Amino acid sequence: MTRKEYIIKQKKMGRHIFGVFPAQYPREILWAMNVAPVEIWDPPLEITGANAHLQPYICSVVKLGLELILQGKCDDLDGFLFPHTCDSIQNLASIVNDYLGMEKPCYFFYHPKAPFRDSSRIFYMEHLKGLAALLKQQLGPLDFSKLNQCVEQGRQVTSLLRELYNMRASGEISASNVQFYRVIRQGEFLLPDDFIPLLEEFLTASKGRSVAGPAVILSGVLPNPPEILTLLDELGVRVADDDFLSCSRRLLVPFSQARDPFEAMAETYFAMPPCTTKGSSIDERLNYLFGKIEGSGARGVIFDMVKFCEPELFDVPQLVKELKERGLATLVIDSELNQGLSGQLNTRVEAFVEMIS
Amino acid sequence: MKDLGAPALMGISKVGKKSRPIKPDPHFGPPLKCTKRLKEIMTRHYMLSRYAEGAKPVAWVTSGAPVEVLRPFGIYTVYPENHGALCGAKKMGPELCAVAEEHGYHQDLCSYARIDLGHYFSGKTPAGKLPKPDLLFASNNICQTVAYWYKALSHYLKIPLILFDTPYNFREITDSDISYMVRQFEEMIPVLEQVSGRQFNYRKLQEYVRIGKDASLTWGEVLATMKSRPAPMTIFDAFGHMVPIVSLRGLPLALEYYRTLLSELRERVSHGVGAIKRERKRLMWDNIAIWYKMRDHSSLFAGQGMNFVTATYTNAWAETTPYMDENRPFESMARAYSLVILNNNLNSRLELMERLIKEYQVDGLVIHSARSCKPYSVGQYDLKRLLMERLEVPSVIIEADITDSRAYSEEQTRTRLEAFFEAMEG
């Protein structure tokens, strides 16, 4: 089922559909309030209208998201949620809410930035409850027991994802890189009732030996252009793990044993993998990457950057330097979303693979 | 609201050097006498900074950070954004940016950050020498960029970074936001005590908040003199004279300076002395200055009889001052620093610009779309459209950068400005 078909189906079932911009948000609150969050990362559109609102030096995640709205493809949505991921998404939220004259409700979710302190935890808890209170005006009250169920479902999703990632790191998954991310990315719009069985099925179906080629880690915002995955498959390279903002950095969260669902969500947020959009230090990010490299036997890291993505581009020089000092190969590429791999990038990836083979 | 004061700082390096006299531009009125005093103050500040290292704890601070909280600890403050502006004005931006780029920092990143990192790697600076910091103090009320940039510095220099995290005001500021920021102040006190070796003195903080508030209010009065016709100074003057309110905020010297400047400006107003000789049109500037083009732009607009009488940028250090209250220093600083233009939603910015246009009787608007500053620039295309719709104010967008002149096209800018000048006469 395509994303569009799924949205229509959920709408018919009486669910509210929210467009959610990257990256991190308390999905359990939305699920519990009968909302199907549909994440907007890289819709396959040609950018035309968004250029009248955004400068040429703004990243294509932001531009494509706005383009989706301007082309009327969000008209059936019931609202938007903008997490505070970077300056550009922050201002995009305000453009949509303040300048476009849309009647659709827009919500904003601010994450405290690291280094985290007691004040961060108190604020985050209050902010979670504040978001629920705001949503209540549109969607009705939040059912506490339903929220508990959704937190539990979130744990199940995470547990399955973790198992998949572990299998992949150990070379025990037969699925290609393309197949792997096709499934993972279904979580950007499937509700847990549908995503959990899909993950279970994929787990069972893809048990087997991974390709015997060299292993790499991918880092960046999201696995786009998808052609990079195809190319790595063709070259026999196993993506052993990732450090994508859209994937492991926000999906592989530790479990919380807290009984209070808000506390559980807060604990999860503060224990999430390090990420530049949260303000994590370089050392934390390096330790995280080294952990992944050791756990998977990867020989190198490919930094797959979205052009103009400031949060990512600021960390890369230091990450690359330290990785190189430990004898690991690195490759930094940057491209616009959905623009494919240019011949030059293709050659650079091939040369990189030759180097680590 | 990043950076500042490059023109004034440019003068610093000229002290003791022979320089060719600059031919006065016939379009300008008499120069401000206070400029000499400004140079003295800032020269002293930068000279002292050379000797601060080892003698006093030094902090590198972002322009929007609540510096008052550092003052009771005797911490010497240096502003890398100010230094970036200076490098830009001295046309050293591309050179220092290139050094950072050689170390992997992408050309698309903020050029203040690249200049600072370029300075870190090369030691090059037109300011003689910057003292090594013991502490980094940043606030993301102006952008998230400073958080990434200072995090990199913290990694390289192995020194602590205090981030004052200000939740973005998508709607109204909330009690929860205020409490969060107040708690952060309380949490940073022990760190500052450790770095400085001094005990926190609450009364001293109150005193610095009071002086800082008075200085900011006076700065606001300085800007308000430009409501007069003709305006007694240009916004290009103000870009220079804003250095103390950024770099010396909370110190008596800044207050003293702005009282002197205000007095001079009021005298000019009373005698009808304008910054430019023939003020036919009054303009507003949006965003940070294009530091390497200050002189050219200043002359170009003056030649057209057009004077910039207000800017969202210079206004940023006066706009939220009334919130400051020495009796509630933490709470009031939280409010004042969180409600600055770049931490507020775009509707607030539109309302602010509408108000400035009316109060300063603005005829046209020049919008600098700065590659380096996304929070300032994203939304400008819509602002331009909305201001035209609501107030019928013609405007022009210049695509450029604050300090990296490689991102500036002389020809494209000229073409756009010529069209703007025509529209202004229409």
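Note that this is a predicted model, so its numbers are computed, not measured. The chains referred to below are lettered A, B, ... by the order of the sequence lines, with proteins before strands, and numbering in each begins at 1.
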Please state whether the rings of A/Phe123 and B/Tyr180 are parallel, tilted or perpendicular, taking 30° and 60° as the class boundaries.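 Ring orientation of A/Phe123 relative to B/Tyr180: parallel.
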Parallel, tilted or perpendicular: rings of B/Tyr148 and A/Phe314 (30°, 60°):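 Tilted.
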Has [X] got more than 12 heavy atoms of other residues, nucleotides or ligands less than 6.0 Å from its [atom1]?
X: B/Gln194; atom1: CD; value: no
X: A/Glu325; atom1: CD; value: yes
X: B/Glu389; atom1: CD; value: yes

Contact check, side chains of [X] and [Y], non-hydrogen atoms, under 4.5 Å:
X: A/Tyr57; Y: B/Glu399; value: yes
X: B/Val378; Y: A/Leu54; value: yes
X: B/Arg371; Y: A/Gln55; value: no
X: B/Leu383; Y: A/Tyr99; value: yes
X: A/Asp334; Y: B/His106; value: yes

Quick check for you: to the nearest 0.5 Å, what is the distance between [X] atom [atom1] and [Y] atom [atom2]?
X: B/Ser154; Y: A/Asp283; atom1: OG; atom2: CG; answer: 8.5 Å
X: A/Met305; Y: B/Asp108; atom1: CE; atom2: CG; answer: 12.5 Å
X: A/Tyr110; Y: B/Phe170; atom1: OH; atom2: CZ; answer: 14.5 Å
X: B/Tyr381; Y: A/Asn51; atom1: OH; atom2: CG; answer: 8.5 Å
X: B/Leu350; Y: A/Ser94; atom1: CG; atom2: OG; answer: 10.0 Å
X: B/Thr174; Y: A/Glu126; atom1: OG1; atom2: CD; answer: 8.0 Å

Where [X] and [Y] come nearest, the two heavy atoms and their spacing:
X: B/Arg171; Y: A/Cys106; answer: NH2-O, 3.0 Å
X: B/Leu163; Y: A/Pro115; answer: CB-CD, 4.4 Å
X: A/Gly279; Y: B/Lys151; answer: O-CD, 3.9 Å
X: A/Pro317; Y: B/Gly104; answer: CG-O, 3.3 Å

side-chain contact (heavy atoms from CB on, under 4.5 Å) between B/His155 and A/Glu322, intermediate numbers included: CA-CA 12 Å; B/His155 181 76; A/Glu322 305 266 352; 3.2 Å; yes
Test log, rule side-chain contact (heavy atoms from CB on, under 4.5 Å), inputs B/Gln144 and A/Glu310: CA-CA 9 Å; B/Gln144 301 308 306; A/Glu310 215 170 46; over 6 Å; no
salt_bridge(B/Arg183, A/Asp118) N-O dist < 4.0 Å: no
Do A/Asp98 and B/Arg349 meet the salt-bridge criterion of a basic N to acidic O distance under 4.0 Å? no
In terms of heavy-atom pairs under 4.5 Å with chain B, which of A/Ala114, A/Ser280, A/Gly130 leads?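 Answer, by heavy-atom pair count under 4.5 Å with chain B: A/Ser280.
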With a 4.5 Å cut-off on heavy-atom pairs, point out which of A/Val316, A/Ile95, A/Val320, A/Val332 contacts chain B the most.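 Top option by heavy-atom pairs under 4.5 Å: A/Ile95.
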Side chain, backbone, both or neither of [X] within contact of chain A (heavy atoms, under 4.5 Å):
X: B/Glu187; value: side chain
X: B/Asn140; value: side chain
X: B/Glu186; value: neither
X: B/Ala152; value: both
X: B/Ile397; value: neither
X: B/Ala370; value: backbone
X: B/Thr166; value: backbone

So, the side chain of B/Asp165 versus the backbone of A/Lys113: is there a donor-acceptor pair under 3.5 Å, distance only?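 Indeed, once roles are kept as given, a pair shorter than 3.5 Å links the two residues.
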Please identify, among B/Asn345, B/Leu161, B/Leu109, the residue contributing the most non-hydrogen atom pairs under 4.5 Å to chain A.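 Looking at each option in turn, the highest pair count goes to B/Leu109.
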Identify which of B/Ser377, B/Ala100, B/Ala147 forms the greatest number of heavy-atom pairs closer than 4.5 Å to chain A. B/Ser377
Passes side chain to side chain donor-acceptor pair (under 3.5 Å), B/His103 versus A/Gln318? Steps please. CA-CA 9 Å; B/His103 285 79; A/Gln318 293 160 94; over 6 Å; no
Counting only heavy atoms closer than 4.5 Å, note whether A/His53 contacts chain B via side chain, backbone, both or neither. both
Could you look at A/Lys307 and say if it's the side chain, the backbone, both or neither that has a heavy atom under 4.5 Å from chain B?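 The side chain, not the backbone.
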Member of A/Val96, A/Asn91, A/Asn97, A/Leu92 meeting the side chain to side chain contact (heavy atoms under 4.5 Å, CB included) criterion with B/Leu346: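 Result for side chain to side chain contact (heavy atoms under 4.5 Å, CB included) with B/Leu346: A/Asn91.
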